[in-house]
Structure formats: structure tokens, C-alpha cells
Amino acid sequence: MLIVIALVRISGTAIRLLQQCPMDATASGNPTVQFHTITDQPITAIVVAVSNSASSTFQRNTRHCYGDSTPGEFPLAANPSIVLHVLTACNLDPQDLAKLEASHFIFQFIGSIATCSFFRQPANFAPDYELSISELAALDMCQKRAIFKPMTIDERQDLKQRCGGSWKLVLRFLLAGEACCRREKSQAIAGPGHSIAVTSAGVVYSFGSNSSGQLGHGTTEEEWRPRIIRSLQGIRIIQAAAGPGRTMLISDAGLVYAFGKDSFGEAEYGVQGSKMVTSPQLVESLKNIYVVQAAIGNFFTAVLSREGRVYTFSWGNDGRLGHQTEPNDVEPHPLLGALENIPVVQIASGYCYLLALACQPSGMSVYSVGCGLGGKLGHGSRTDEKQPRLIEQFQALNLQPTVISAGAWHAAVVGRDGRVCTWGWGRYGCLGHGNEECESAPKVVEALGNVKAVHVATGDYTTFVVSEDGDVYSFGCGESASLGHNAVVDEEQVNRHANVLSPELVTSLKEVKERVVQVSLTNSIYWNAHTFALTESGKLYAFGAGDKGQLGVELVNNQTERGNPERVDVDLS
């Protein structure tokens, strides 16, 4: 039992005693499993206590990890199921599992020595008798993921090789996607003039502008209150994307439903496709691709498969996205170049460009492709890129990206250590560096030095950052009151449209008295912006422009916007 206790204690602070593995030098920080009969002490304290004990009880119950089983002994190697249960029950991060195999730390017990080489040996369990205990634990945790369960044996092996040949790397890939995309969790999307809200159960509400049928209710009438898309009854939606006059929804089966403008590449406000689709319609060309995320940019649309492959529609003429297509092309094309053999966990689109967060054995990285105007591709120049190119600046900053966001003209990233980087066109102060200058390479937002960020959202010259504590900071263009600040210009006047050049705490959201977990804001140069803030209990708050009903709250006295967050009458829990 003592070794099992020691294994439980590995998660959290005690794991720092183990040798750091090449995969990641950061411990997971998972909560330590507590037992009422165990004091909170590190592994070394347990080891010393056991080795110094001379009681007859301990002598009669000596535990050995190896060797023949004799009365009174517990051969751990012959009972790996106990260790496997502990590893999976604690939900150890892949980094922690890797450290178990990489470490040479020694647990010393009375009369025996057990090294962590135990975790590198075959566990003799199905489905693969050659898998080590830590590999088997990682596979077991992968199998709990919704997008992994339906995969065939061959598909799982292909994913394993694509991720680097280890189930621990596959687990890291899956966890990274869940963390940055809120996959299978409640979410709210502030689109251009219309809004989409998804509950944790996969029920979809829509409201706002509906001139192209982008609300999915079978009509073109505006909706000023959240309304369920009833034609999706029985289909669980896990992701949503909203663009100009268009909406895309992704089900837990990897199927994509689209409605609104029937083209994947039109961006201009008021321009219609050859026809409108007013109810969710299955995208036939994607039926053979298991999709987990979609991103609607200007002139193109991109989707991400569960294997981490990126496909794009339209905007491929002149090889702008690595292939030659027409603007009205409705067939997906794989994104060629550097990302062909690198798994991607998140995509983000802005005005004429695409960002991809990639997961490699050496760590996380960001690639960009498309229009480089304003320096928004992050390569230190303003030139276009026809194929994905690695943004190298993060290596120089020693920053491991975990979340990406692409605004219309600027972009942002959150690092594992909580730092925030921004780059691109700095108009109105949307980069948060205290000025309106452009930055052609990622630059750390120094004003957020005391904030550990976990989420970032960018729009049309606006940026929001969510901290680990649930606080929200915003900066950039104050138009449409979408920043949530009520800056006092003088004693009698409140200027809700003031631009903010450096991050400021959105104090109006502090009054909610609940942690904010997601912010979404309009990312379009053709519409006045509105913003959503989602709390951990599923409450949704809206502010900014609401002239088409996109806030989901009633406006009176000829109001066109709301400066303070107001609760939307919808429960997303």
C-alpha cells in the first residue's frame, strides 16, 4: 500500500522531485488525492519514515516490487492493475506520465529497492501486451474522450504516429484541443450581427440579424431573444462558428451543418450567394472528414479534423492557401506545406489570414498563412505567405502557446505560463502596448505582467483577456461600447466610446461575482461589435451593439447598444 500511496502523491508538488522529461518541464499541478489517514508530506518524507521504522509490523509486511512472491510480500510488478488504476484515477497529465518513465528516482523500502524503470516495462495488459504502465494509462484516458471513442484501431494507430508515436503525446494532443476550444462545453459566439449560443448538452440557440437565414430557423426574420434551432433536435452540437451572413455547427459525430449564405468564400456585407439556406443543412463535401472545429474568415472557410489536419474552402486562387481554387469552390482542400504532417489542435481566422496552433513532441507552436498586411502573420514583415509558416518569435520569448485568437487585423496568443502576446495592426491600442503602433512579430503585453491569463479573444481592433481568477481585461477600440468600460470624461458625462491603449480591468463584470471562463466578440470590419462573457455556471452576459437583436436583450427608447453587461435569458449549463 505504501507504494500506491507514493504513486498518488506523485501528482502535484511531489512530482517535481522526478527528473524533468524532454516533452515538457512543467508539472501539471493537478490536485493531490487526499486520504484522511495520510498527512500532507512529500514522497521523500514517506520514504524516510518507512525506511527508519523498526516496528515488527513493518517487518512482517515488507513490500517488494520485484522478485518472487512469498508470504507477507506484495509483488507490485505482478499486480500492475493497482498502479494503473491510481494513474488513471488521478488523471495525471501526459507530462507527469512521461516523467514516471524518464525518472531514475528511487523509492527505498525495507529490504528492497524499486526504481521508476518499473513504469517503462511492459504491463502485460490487453490491448497491447508491450505497452508500459504509463502508456497504458495514457491510452485509457484517451479512450474517455468523445472524439477518440469512435475511432477504429487503424485510425488510432495513424493518430498515434502523427502525434509522435506515443499514447502520452496523443493524450496531450486531445487535452490541448479541449482546453483551447471549449470542445463539448457551453460556449457563446458573437458573430457579425448575429449570435450563437451552445449549451453543455449540445442544444443551440441563435438570435440577431437573419437577412441570409443565418439563424437557422427556416425564416429570414430577426430574433431579439435566444431561440432554439428545433430542427437540430437529437443532434448534439459541440462547436459553432459565425461569419458574415453564415453559420456553421459541428456535431459530436464530426458532421458539419451550415446555413445562411451558401458560399464558403464571400465576405462583403450585403452580397448574397446564388441562394440562401435558412435551416441547418449537412455539408456533403465534409461527410468523410471527422470535423472538430470550423473557422469562417473573409473570402475563405477552414475546418479542422480530429486527426489535426486543416482543410480550407475557397480563396485559393493564386495559391494563397497553398492550392488553386475558385472563390465559389465548395470542396475542401487540405492545407499544404509545413502542416501536412503536424497535428493542429486549434485554428483561428481573421481578415484574409489563418492561424494554426500545432502540437509537436517538442512543444506547441503557431503557424500562419495568408495576407500579411499590418504584420498580422507575425513573421517580422508584412509580406503574404502562400503556405503555412512557423512563427519563430515564440521560441525567442521562451513561450509555449496554448490558445490562439485571430482578430480582423491583429492576433493574440496565451502562453502556458499565462503571458499574453499580441501583434499586427495596432490601431486604437488593440495590441495593449500603450500606443497605436503596428507590431510585425509577437510582443509580450507588459501591462499584464501580474496577470496569469488563460483565455484571449480578438475582434475588429479590440482584445479581451481572461485571467486564471476569472477577471476580464479589455483594450482597443471603444466603439459600440463593446469594451465594457464606463470611462468618466468629466463629472457629468460618461464616454463609453473611449479607446483604451493598455489593458484595463472590466469592472462591470466584477459585479457578476462569478468567474468568467470565455469571452467572444465580433470579428468583422462590416458590423458594429458586440461582446459576450460566459461564466463557469453557464450564465451569459452581453454588451455592445444590439441594433439587430444580437445581444439577446431588449433595447428600449431607441437604444442601439448596451454599455454595461446584461444577463441574457438563456441557461448554457
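- In this structure, the separation between CH2 on Trp425 and CH2 on Trp409 is 5.5 Å, given to the nearest 0.5 Å.
- Remark: side-chain polar atoms of Asn523 are paired, donor with acceptor, to backbone N or O of Ala408 under 3.5 angstrom.
- Judged as a salt bridge (charged side-chain N to carboxylate O under 4.0 Å, His left out), and not counting sequence neighbours, Glu340 has no contacts.
- Between the side chain of Ser206 and the main chain of Leu215, a donor-acceptor pair closer than 3.5 Å is present.
- Legend: residues meeting side chain to side chain contact (heavy atoms under 4.5 Å, CB included) with Ser573, ordered by chain and number and at least two apart, are Asp571.
- Not a single donor-acceptor pair under 3.5 Å links the side chain of Asn499 to the backbone N or O of Tyr428.
- Residues passing the side chain to side chain contact (heavy atoms under 4.5 Å, CB included) test with Glu331 are Ser285, Asp329, His333, sequence neighbours excluded.
- Among residues two or more places apart in sequence or in another chain, the side chain to side chain donor-acceptor pair (under 3.5 Å) test is passed with Arg162 by none.
- Taking Glu554 as the reference, Arg225, Val556 meet the side chain to side chain contact (heavy atoms under 4.5 Å, CB included) condition, with sequence neighbours excluded.
- Within a 6.0 Å radius of CZ in Arg230, other residues, nucleotides and ligands contribute 12 heavy atoms or fewer.
- No more than 12 heavy atoms of other residues, nucleotides or ligands shown are found within 6.0 angstrom of NZ on Lys185.
- For the pair Arg246 and Phe264, the distance from NZ or CZ to the six-membered ring centre is under 6.0 Å and the angle to the ring normal is within 45 degrees.
- Partner of His455 under the side-chain contact (heavy atoms from CB on, under 4.5 Å) criterion, out of Val414, Val472, Val466: Val466 alone.
- For His530, the ring-ring contact (aromatic ring centres under 6.0 Å, His included) partners two or more places apart in sequence, or in a different chain, are Phe532.
- Remark: Tyr311 pairs with no residue by the ring-ring contact (aromatic ring centres under 6.0 Å, His included) rule, at least two apart or across chains.
- If you run side-chain contact (heavy atoms from CB on, under 4.5 Å) between Thr301 and each of Ile296, Val256, Val283, only Ile296 comes through.
- In this view, Ser524 and Pro192, Thr522, Tyr526, Trp527 satisfy the side chain to side chain contact (heavy atoms under 4.5 Å, CB included) rule, not counting sequence neighbours.
- Annotation: ring-ring contact (aromatic ring centres under 6.0 Å, His included) contacts of Phe394 (sequence neighbours excluded): Trp423.
- In this structure, the separation between CG on Asp384 and CZ on Arg389 is 12.0 Å, given to the nearest 0.5 Å.
- Considering only residues two or more places apart in sequence or on other chains, Arg182 meets the salt bridge (charged side-chain N to carboxylate O under 4.0 Å, His left out) condition with none of them.
- In this structure, the separation between CG on Leu159 and CG on Asp154 is 12.5 Å, given to the nearest 0.5 Å.
- Taking CD1 from Ile238 and CD1 from Ile147, the interatomic distance works out to 7.5 Å, rounded to the nearest 0.5 Å.
- Residues that satisfy the salt bridge (charged side-chain N to carboxylate O under 4.0 Å, His left out) test with Arg227, not counting sequence neighbours, are Glu223.
- Here the options are Asp460, Thr462, Thr463, the test is side chain to side chain donor-acceptor pair (under 3.5 Å), and the partner is His410; only Thr463 passes.
- Not a single donor-acceptor pair under 3.5 Å links the side chain of Thr560 to the backbone N or O of Asp547.
- Using modelled atom types, no side-chain atom of Thr247 and backbone atom of Phe259 make a donor-acceptor pair closer than 3.5 Å.
- In this view, Glu155 and Arg306 satisfy the salt bridge (charged side-chain N to carboxylate O under 4.0 Å, His left out) rule, not counting sequence neighbours.
- By the neighbour-count criterion of 12 heavy atoms within 6.0 Å, atom NZ of Lys144 is densely surrounded, having more than that number from other residues, nucleotides or ligands.
- Atom NE2 of His217 sits about 5.5 Å away from atom CD1 of Ile229, to the nearest 0.5 Å.
- In this model, a donor atom of one side chain and an acceptor atom of the other lie less than 3.5 Å apart for His379 and Ser368.
- Rounding to the nearest 0.5 Å places OG of Ser508 at 5.5 Å from CG of Asn564.
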